[in-house]
There are 4 protein chains.
Amino acid sequence: MSERKKTIPSLVKDPKLIEKRREQIIEAAVDLFINKGFYKTTTREIARASGFSIGTLYEYIESKEDVLYLVCDAIHAEVENRLREAINFNGSGLKILKLALRSFFRVMDQMSDRVLLIYQEAKSLPKETLRYVLGREEAISGIFEEILRKGIADSSIHIDEKHVKLMADNIMVLGEMWVFRRWALHKHYSLDEFIEKQTALLLGEMSNEK
Amino acid sequence: MSERKKTIPSLVKDPKLIEKRREQIIEAAVDLFINKGFYKTTTREIARASGFSIGTLYEYIESKEDVLYLVCDAIHAEVENRLREAINFNGSGLKILKLALRSFFRVMDQMSDRVLLIYQEAKSLPKETLRYVLGREEAISGIFEEILRKGIADSSIHIDEKHVKLMADNIMVLGEMWVFRRWALHKHYSLDEFIEKQTALLLGEMSNEK
Amino acid sequence: MSERKKTIPSLVKDPKLIEKRREQIIEAAVDLFINKGFYKTTTREIARASGFSIGTLYEYIESKEDVLYLVCDAIHAEVENRLREAINFNGSGLKILKLALRSFFRVMDQMSDRVLLIYQEAKSLPKETLRYVLGREEAISGIFEEILRKGIADSSIHIDEKHVKLMADNIMVLGEMWVFRRWALHKHYSLDEFIEKQTALLLGEMSNEK
Amino acid sequence: MSERKKTIPSLVKDPKLIEKRREQIIEAAVDLFINKGFYKTTTREIARASGFSIGTLYEYIESKEDVLYLVCDAIHAEVENRLREAINFNGSGLKILKLALRSFFRVMDQMSDRVLLIYQEAKSLPKETLRYVLGREEAISGIFEEILRKGIADSSIHIDEKHVKLMADNIMVLGEMWVFRRWALHKHYSLDEFIEKQTALLLGEMSNEK
DNA sequence: GATGAATGAGTATTCATTCAT
DNA sequence: CATGAATGAATACTCATTCAT
């Protein structure tokens, strides 16, 4: 359904070591990219912050863009994991949705910097890689599609099947905006107010008994 | 309320000429930035595409980032202008809002590339300049605040004054997503479907007679 | 007949200036390449020795290999010019040939280092460029073909038309060997002895009255 | 007379193993150097093509240049061996020479790539090593000196003792040119034509009854 | 003896910006 | 005002070599 996982070649053979080193790289690069942006971060800085030499860095990646991919992928994975962990799939679709929304908004809040990073830098990925990263994003909105469909099935949510996708996208965007419009929102609303109102907006139409 | 207009110093005295040259610069740079991104576009390319030499370019700007600012500002101005032109402030707030939404979504659609450009490159602006550009964005959401307040006043819209700002932001974001999530949306929905559903969502709660 | 002249693009517009700067580059690079070889010479060294910055160097060439091409071409041109200047086309073919050989061997001797440079580094040129450079070499052997044919025409030289090319190549090689086998030759023979014997060898068959 | 054989230190004790491994190295490196040149071939590639790890490679050599030396030396040895095998030292000097020339030209033809390799890359050897490799070359021309002297002794060859060395060098060069001027020669002459004409040229003076 | 992960000096090339003409 | 040649700091990436296991 979604794109295949991208595998970055490494000069190093030991898979355990590769994983360990790449974790170091990701951890170092996330901070750097958040603070300086992708373009203004140097491969040498990444190497140093990762705790090894520039030569070693290039034993585990092939290009600077690989680091960006690694970072984006790790962030997406974390968002997805946190979200899945937080969701309890018991109860009516509507009930699940309400709790999932709360969790999603909270994850967005907690991971602000990282989510913003993806928003701002993903475009620097090579086309092909970008496609994969966007696929990852759809995996997350897919969670909400699932919930919506469950709600439709158990009649707790009233919405046309045709618009499930759009609704899921709306959920994503109304959550992510807490991140990328924080300059406009944070001075006027607390996270809880935000969650409450966005939930109300989203459920407005679909949970109303007509 | 919003930030002061940023003035870019120029070595040239004649204001008419400055304006003319900067228009040339903007026109050239918009295309370049859309196609190659800000970082991968060189000042030489901007100068050439503008129709003059690199030396002349620097008579009208002080740094490459000035060009980005000029571009962002021009795009915002165009969005705002088009929107204002399209809005007819006669009728109930609700009616105005419906028409304004339609216009806004259409402007987003028509100016996709340019809006995306702002989304992706504005972060490269120096902090101070970025603040000003974001102020510009608030000017646009301000239009919707205005309309919402008019609707509240004439009782055609039911919404708490406290949430006017959030609602305006939601409008912005639900429109802009047509641009920055086009990869997810365009294959499933036509612009008109999109407009219809987003309008329904936004009006859902607020136009319902309780 | 021979390949077209390769033109190296330059960011600089003034052709006079391009020529002047490229002469500087060639002069600097010849010495460097002779002493360190092409690979071990740095572009920065070339720039410095040329009397300008690395940035300026790249205003006049596109790659390090361009410098090598410039150098090879200049050397070939000089060999050809010196040879043409030295040859007097009056008299019988045989007489012209004798004098031409003497001149050629002398040019080889005087330009030892430069000729050796071509021998050792030309292979580092991009394929296409190499082809052109080799064409240049044929232009020089072409001079001898011309002389040989003149001698055949006036019956002072006895040789089959079919072997003119090979004979011209032999001349080239028997001259160039003074350069690339100098370690074997210079300790045993003086230039004049060398000239005398090689001339005898070359003329042996063809000037003998049968 | 010629330089002592260069011995490359090895971390490994067993001489049999050293020889075996070095043969692997040579075989791998010859192909690599022919196709990519010495500079563009990496030690990793040599190790991989040799069938072992980079660490192991460095157990048998001390530097990349050692590999080049090994390769040049092996090629020279092969040329010399093939030539010696082909020469039958029975008969008059002149007769031996004629056959030796034929054999030499054929070896050059068969070993074109390898001979060219030496021509193009030997210069990258450290000075001291280069001297040794050139000594190897003199061993080959020494074979022809030997033959020439035999011919002088039995009066089948008429040449001044003083010029034996030059003549031997001429033989070498007129044979090697089949390799390093192949771009000029192969399209005009077959190997047999080449052999015939070069032989005629070389014997011209010296075999003529005066 | 063999391995391969780690190292970091080294390199070609780019590009925003300046300033003399 | 316009030009474009000059500048040089900055940068991604390579690769011969080492050495602990």
Side-chain angles (χ1 to χ4, degrees), chain A residues 10-14 17-18 21 39-48 51-67, chain B residues 10-14 17-18 21 39-48 51-67, chain C residues 10-14 17-18 21 39-48 51-67, chain D residues 10-14 17-18 21 39-48 51-67:
Chain A
S10 169
L11 294 178
V12 173
K13 296 182 173 175
D14 180 357
L17 191 54
I18 293 179
R21 292 280 181 259
Y39 274 105
K40 293 200 174 158
T41 300
T42 284
T43 51
R44 296 188 116 87
E45 287 173 316
I46 297 170
R48 197 178 321 124
F52 33 70
S53 72
I54 181 69
T56 301
L57 177 66
Y58 274 88
E59 298 259 303
Y60 295 94
I61 55 156
E62 287 193 311
S63 73
K64 193 184 168 189
E65 277 148 353
D66 282 348
V67 179
Chain B
S10 168
L11 295 174
V12 175
K13 305 291 165 195
D14 180 357
L17 189 54
I18 293 180
R21 291 279 182 259
Y39 274 104
K40 293 197 174 160
T41 300
T42 70
T43 52
R44 285 175 128 101
E45 287 172 316
I46 297 171
R48 195 178 326 124
F52 35 72
S53 72
I54 183 69
T56 302
L57 178 66
Y58 274 87
E59 301 263 307
Y60 296 95
I61 56 156
E62 287 193 310
S63 74
K64 192 184 170 190
E65 278 146 352
D66 283 348
V67 178
Chain C
S10 169
L11 294 176
V12 172
K13 297 182 174 175
D14 180 357
L17 191 54
I18 293 179
R21 292 280 181 259
Y39 274 104
K40 294 199 174 160
T41 299
T42 284
T43 52
R44 295 189 116 88
E45 287 173 314
I46 297 171
R48 196 177 323 123
F52 33 71
S53 70
I54 181 69
T56 300
L57 176 65
Y58 274 88
E59 299 261 301
Y60 295 93
I61 56 156
E62 288 192 312
S63 72
K64 192 184 168 190
E65 278 149 352
D66 282 348
V67 178
Chain D
S10 169
L11 295 175
V12 175
K13 306 290 164 193
D14 180 356
L17 190 54
I18 294 180
R21 292 277 182 259
Y39 274 104
K40 294 198 174 160
T41 300
T42 68
T43 52
R44 285 177 127 100
E45 287 173 315
I46 297 170
R48 195 178 325 125
F52 35 71
S53 73
I54 182 70
T56 302
L57 178 66
Y58 274 86
E59 300 263 307
Y60 297 94
I61 56 157
E62 288 193 309
S63 73
K64 191 184 170 190
E65 278 145 353
D66 282 348
V67 178

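Hydrogens, waters and symmetry mates are skipped; everything else that's a heavy atom, side chains included, is used. Letters A, B, ... are given to chains in the order of the sequence lines, protein chains preceding strands, and every chain is numbered from 1. Bear in mind that the values here come from a model prediction, so they are computed numbers and not experimental data.
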Take the protein atom CD of B:Glu45 and the nucleotide atom P of E:dC15, then report the distance between them rounded to whole Å.
8 Å

For the side chain of C:Tyr60, counting heavy atoms from C-beta on, which of F:dA5, F:dA2, E:dT17 is nearest?
F:dA5

The residue, B:Ser63 or A:Gly51, whose nearest nucleotide of DNA chain E is more 5′ is A:Gly51

Minimum-distance nucleotide (side-chain atoms of C:Lys13 versus F:dT14, F:dA6, F:dG4):
F:dG4

Applying the 3.5 Å cut-off to both distances, the Watson-Crick or G-U partner of E:dT13 turns out to be F:dA10

So what does D:Leu11 touch, heavy atoms closer than 4.0 Å: a base, only the sugar-phosphate, or nothing?
nothing

Spacing between D:Ile18 atom CD1 and E:dG1 atom P, to the nearest angstrom:
8 Å

Residue whose nearest DNA chain F nucleotide is more 5′ - C:Val12 or D:Glu59
C:Val12

Nearest-nucleotide 5' precedence on DNA chain F, B:Leu57 against A:Thr41:
B:Leu57

Give A:Arg21 one of three labels, base, sugar-phosphate or nothing, depending on what nucleic acid heavy atoms sit under 4.0 Å from its own.
sugar-phosphate

Nearest-nucleotide pick for B:Asp14, side chain only, options being E:dA2, F:dC1, E:dA5:
F:dC1

Minimum-distance nucleotide to B:Leu17 side chain [options: F:dA2, F:dT17, F:dT3]
F:dA2

Protein-nucleotide distance (C:Lys64, atom NZ; F:dT14, atom C1'), rounded to Å
14 Å

Using a cut-off of 4.0 Å on non-hydrogen atoms, how would the nucleic acid contact of C:Thr42 be classed: base, sugar-phosphate, or nothing?
sugar-phosphate

Quick one: label A:Ser10 by what it contacts on the DNA or RNA (base, sugar-phosphate, nothing), any heavy atom closer than 4.0 Å.
nothing

Nearest-Å distance, CD1 (C:Ile61) to P (E:dA12)?
10 Å

Residue C:Ile54, side-chain atoms from C-beta onward, closest of E:dA9, F:dG8, E:dG1
F:dG8

Rounded off to whole Å, could you give me the OH-to-P distance for the D:Tyr58 and F:dA20 pair?
18 Å

Check whether any side-chain nitrogen or oxygen of C:Thr56 sits under 4.0 Å from OP1 or OP2 of F:dT7, and answer yes or no.
yes

d(CZ, B:Arg48; C1', F:dA2) in whole Å
17 Å

Passes side-chain contact (heavy atoms from CB on, under 4.5 Å), D:Phe52 versus D:Arg21? Steps please.
CA-CA 9 Å; D:Phe52 35 71; D:Arg21 292 277 182 259; 3.5 Å; yes

Paired to F:dC19 by Watson-Crick or G-U wobble criteria (both distances under 3.5 Å) is E:dG4

Between A:Lys64 and A:Tyr39 the two heavy atoms that sit nearest each other are NZ-O, 3.4 Å

May I ask you to verify whether the side chain of D:Arg44 and the base of F:dT14 hold a donor-acceptor pair under 3.5 Å?
no

Is the distance from OP1 or OP2 of E:dT3 to the nearest side-chain N or O of D:Ser53 less than 4.0 Å?
yes

